[in-house]
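Structure, as structure tokens:
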There are 2 protein chains.
Amino acid sequence: MSEIKQTSTNFSNKNALSDECPEAYASTIIGGQWTLVICSWLLSGKLRFGELRKKLPNITERMLTLQLRKLEENMIIKRTVYAQVPPRVEYELTPIGYALKPVIKALEDWGDRHKKLTNK
Amino acid sequence: MSEIKQTSTNFSNKNALSDECPEAYASTIIGGQWTLVICSWLLSGKLRFGELRKKLPNITERMLTLQLRKLEENMIIKRTVYAQVPPRVEYELTPIGYALKPVIKALEDWGDRHKKLTNK
DNA sequence: TATATTACCCACCAATTGTTAGGTACTATA
DNA sequence: TATAGTACCTAACAATTGGTGGGTAATATA
């Protein structure tokens with residue numbers, strides 16, 4: 001997840017959309033491959049970096065770091081660093097992060113339904 | 001949106017995730033930049049290709065075509081071609097497509113809330 | 001002294017997603 | 001004959017997203 005070049009057409013299209021459509025806006029924020037899964041684990045309480053990694057079997061450390069940073073920037077999670085060695089960092093949802101619960105629920109319900117339909 | 005190389009690590013990670021997490025599964029299906037916006041327009045009734053294009057100011061024809069194809073593959077929309085010249089093609093949501101309504105609603109609500117929080 | 005532990009960072013690369021700019025077919029109308 | 005209209009398609013490119021494999025610090029324990 002490199003820098004976004006704010007001059008690109010991609011960027012301005014996404015921006016224009018996000019301005020008008022809250023659903024498009026929302027999906028640029030929580031649309032990453034791992035975002036919702038991380039949030040759904042955090043819904044049940046704070047977790048350390050290493051704990052999260054174990055819950056997400058295929059994620060690389062780099063990806064987890066990047067996603068957590070992005071979530072932090074968007075104020076969805078709070079990061080707490082304890083001055084210890086070895087280091088200890090805890091992540092937890094903010095209020096707006098917890099507010100994702102109904103979104104996640106709706107997506108899960110729909111996902112289940114859609115999956116049944118297509119697996120047949 | 002080219003072919004997905006089904007041998008890639010990306011692909012198998014996404015697959016593994018989708019198997020376990022219906023919310024991750026759902027977001028691979030409706031996570032595209034335009035997907036939800038298209039669906040939210042179709043929630044109010046069937047539309048022709050050209051009508052959709054007018055509603056989505058910045059979309060290119062290619063993108064619209066690709067997105068509609070993907071939605072069709074995923075059985076979210078139905079495509080009806082009328083044998084006329086000039087051609088006439090109509091798109092409408094399937095039942096599982098309409099079932100996205102609560103998802104879109106939840107995302108909109110959350111998006112609005114999040115936007116207020118961060119603009120402030 | 002060597003190794004383990006934790007939560008990262010970095011450079012480089014592969015894959016996916018989106019855009020640009022050019023087509024096409026076929027009919028109707030000017 | 002020239003142009004317009006609709007719903008596409010194609011090749012080539014730009015941008016973003018995700019993965020691989022290496023590294024770091026500082027302390028504790030063997």
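Below, chains carry the letters A, B, ... as their sequence lines are ordered, and counting in each starts from 1. Since this is a predicted model, take the numbers as computed values, not measurements.
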Rounded distance (Å) that lies between atom C1' of C/dT19 and atom CD of B/Q33: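 For the pair B/Q33 CD and C/dT19 C1', the rounded distance is 10 Å.
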How long is the line joining CE of B/M63 and P of C/dA21, in whole Å?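 Answer to the nearest Å: 15 Å.
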Taking only residues two or more places apart in sequence or in another chain, which ones pass side-chain hydrogen bond (donor to acceptor under 3.5 Å, both in side chains) with B/D112?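 With sequence neighbours excluded, B/D112 shows a side-chain hydrogen bond (donor to acceptor under 3.5 Å, both in side chains) to no residue whatsoever.
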Go through the structure and list residues passing side-chain hydrogen bond (donor to acceptor under 3.5 Å, both in side chains) with A/R53, not counting sequence neighbours.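 For A/R53 the side-chain hydrogen bond (donor to acceptor under 3.5 Å, both in side chains) partners, ignoring immediate neighbours, are A/E61.
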Answer with base, sugar-phosphate or nothing: what part of the nucleic acid does A/Y82 contact at a heavy-atom distance below 4.0 Å?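 It contacts nothing in the nucleic acid.
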With a non-hydrogen cut-off below 4.0 angstrom, is B/R88 in contact with a base, only sugar-phosphate, or nothing?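 Result for B/R88 = sugar-phosphate.
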I need the full list of side chain to side chain donor-acceptor pair (under 3.5 Å) pairs touching residues 89-100 of chain A, with sequence neighbours left out, sorted by first then second residue.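 Matches after skipping sequence neighbours: A/R79-A/Y91, A/Y82-A/E90, A/R88-A/E90.
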If you compare every side-chain N and O of A/R62 against the phosphate oxygens of C/dA11 (OP1, OP2), does one of them come in below 4.0 Å?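 Answer is no, no contact under 4.0 Å.
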N/O (side chain, B/R69) to phosphate O (OP1/OP2, D/dA7) under 4.0 Å: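 For D/dA7, OP1/OP2 do not have a side-chain N/O of B/R69 under 4.0 Å.
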Select one nucleotide: of C/dT6, D/dC8, C/dT19, the one nearest the side-chain heavy atoms of A/R48.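 Between C/dT6, D/dC8, C/dT19, the one nearest the side chain of A/R48 would be C/dT6.
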Identify all pairs in which a protein N or O lies below 3.5 Å from an N or O of nucleotides 22-30 of chain C, and state each distance.
none

Among residues at least two apart in sequence or on other chains, which ones pass salt bridge (charged side-chain N to carboxylate O under 4.0 Å, His left out) with B/K105?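 B/K105: salt bridge (charged side-chain N to carboxylate O under 4.0 Å, His left out) contacts with B/D109.
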Output a table of donor-acceptor pairs, distance under 3.5 Å, between side-chain atoms of residues 16-30 of chain B and any protein atom two or more places apart or on a different chain; print 'none' if there are none.
from	atom 1	to	atom 2	distance (Å)
B/S18	OG	B/K14	O	2.8
B/E23	OE2	A/S40	OG	3.1
B/Y25	OH	A/H114	ND1	2.8
B/S27	OG	B/A24	O	3.4
B/T28	OG1	B/Y25	O	2.8

